[in-house]
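When a ligand or atom number is given, it counts from 1 through the structure's own listing order. Since the model is a prediction, treat every value here as computed from it, not as a measurement.
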Amino acid sequence: MSYQEARERYAALGVDTQAAIDVLKKVPVSLHCWQGDDVRGFDTDPNKPLTGGIQTTGNYPGRARNPEELMADLDLALRLCPGTKKINIHASYAIFEEGEWADRDALEPKHFAKWVEFCKERGLGADFNPTFFSHPMCDPLTLASPNEETRRFWINHGKACIRISQYLAEELGQPCTMNIWTGDGLKDVPADRMGPRVRYKESIDEILSEPYDFNLVKPCIESKVFGIGVEAYTVGSAEFALSYAAMNTDKCIPLMDNGHYHPTEVVSDKIPALLAFFPEIALHVTRPIRWDSDHVVLFDDETKEIAKEIVRCGGLDGRVNIALDYFDASINRVSAWVVGFRNVEKALLNALLIPAGDLKDLQDQGRFTELMVRQEELKTLPFGEVWNEYCRQCGAPEDGTWFETIKNYEEEVQEARK
Ligand code: RNT
Ligand code: ZN
């Protein structure tokens, strides 16, 4: 089947494939830098353990070991992905001059100047994250610590990150989503569940007292259900994070990571619930297998469902900030980036090709038999042809044509990293 024929099949259902392609071309999706080096960063010993309840598993050869390698890998990933991209940077990816170093509480915009240069040269926006993990000042708590010196250090880190986010947004002329996530929690049954939460709340209050333009910097609070080693209690639980965002709509927005809920809960269902109240929300798109395992995003049912909700709730008009968040060290890391990013784009295109108005009418008219038939029949439409057309129009490779590039890069560049 040709694209022309596919287009006619969709047109028969009242769907304009070119209009869908045109909308998707402009939707920013944020690619996380941390898939390239297993969340190690550049500001501390790269061989220290990853803390905060998260874990990368696998030891596939060829991970990026410095800014040059990470940027080269990112470049290849970006080239193989269609659409509008942002880069999502963690504070631990600060780039210092020779002989220079600053601890997390003393990070400055200049430590991200090389990232700004990288983004400017490629016309990318940037998002940012304070790094409240994998650092000697985790005791192991950070913003919720009972130790005032620890808590102060991490508050200062958060404030530094607000200033860096403002800098990134101003330099790149695009809003910067700044996500606050800590792995603060306890392995076993707490004696005090409220104290750490009150301290966490006060810490975020202090961080957000740092001046910033809320049109440019979008601080987010990311919730979580549990992490490895912190199974019994998470300070930044769903209720905590959502309540914080709900009480501070002039300062921050909620962030949902679809790896951070109980297994029968789905973020797709939570998107319209939040959009009924919040003008703007943010997402970390990932793939949990039984737990927050951060597997590469696939073109699977829940990813499609998340995209459908983003599209039909008007999320593409700037109300939903979309970012990827996973880290797989068991396969080629550049390929992991590309597969996940392309799948988010695929899911969004798939959602844009649904005759949403007609289906909604069927639901509102109580015609559920027909609704089921129509929804099921959409699944066998020639979506792949429209996807490949989208890739062509974006100057990105079609399915079936890019893996050789990864293989060659692995052989020529990544295998030499020993
Ligand atoms: C961890 C959170 C958090 C991190 C990144 C690296 O469970 O999802 O978003 O993955 O900040
Ligand atoms: Zn996340």
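- Each of the following atoms of ligand 1 lies closer than 4.0 Å to a heavy atom of K224: 1 (C), 7 (O).
- Which parts of ligand 1 touch H284 is read off a 4.0 Å heavy-atom cut-off, strictly below it: atoms 9 (O).
- Taking the six-membered ring where the residue is Trp, the centroids of H32 and Y326 are separated by under 6.0 Å.
- Because the distance cut-off is set at 2.8 Å, H284 qualifies as a neighbour of the Zn ion (ligand 2) through one of its N, O or S atoms.
- At a heavy-atom cutoff of 4.0 Å, ligand 1 is contacted by no atom of D294, backbone or side chain.
- The N, O or S atom of D325 with the smallest distance to the Zn ion (ligand 2) is OD2.
- A donor-acceptor pair under 3.5 Å links the side-chain atoms of S243 to the main chain of E239, judged by distance alone.
- No side-chain donor-acceptor contact under 3.5 Å links N408 and T405.
- If you number the atoms of ligand 1 from 1 as listed, the ones under 4.0 Å from a heavy atom of F327 come out as 10 (O).
- Using a 4.0 Å cut-off between charged nitrogen and carboxylate oxygen, E148 and R151 count as a salt-bridge pair.
- Closest to atom 2 (C) of ligand 1 by heavy atom, among Q35, Q55, H260, H90, is H260.
- Not a single donor-acceptor pair under 3.5 Å links the side chain of D292 to the backbone N or O of G227.
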>> For K201 and D205: C-alpha separation, side-chain torsions, deciding distance, then whether salt bridge (charged side-chain N to carboxylate O under 4.0 Å, His left out) applies.
In response: CA-CA 6 Å; K201 172 180 177 291; D205 286 345; 3.7 Å; yes

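- Considering just the N/O/S atoms of D257, the one nearest the Zn ion (ligand 2) carries the name OD2.
- Geometrically, ligand 1 and W181 share no nitrogen or oxygen pair separated by less than 3.5 Å.
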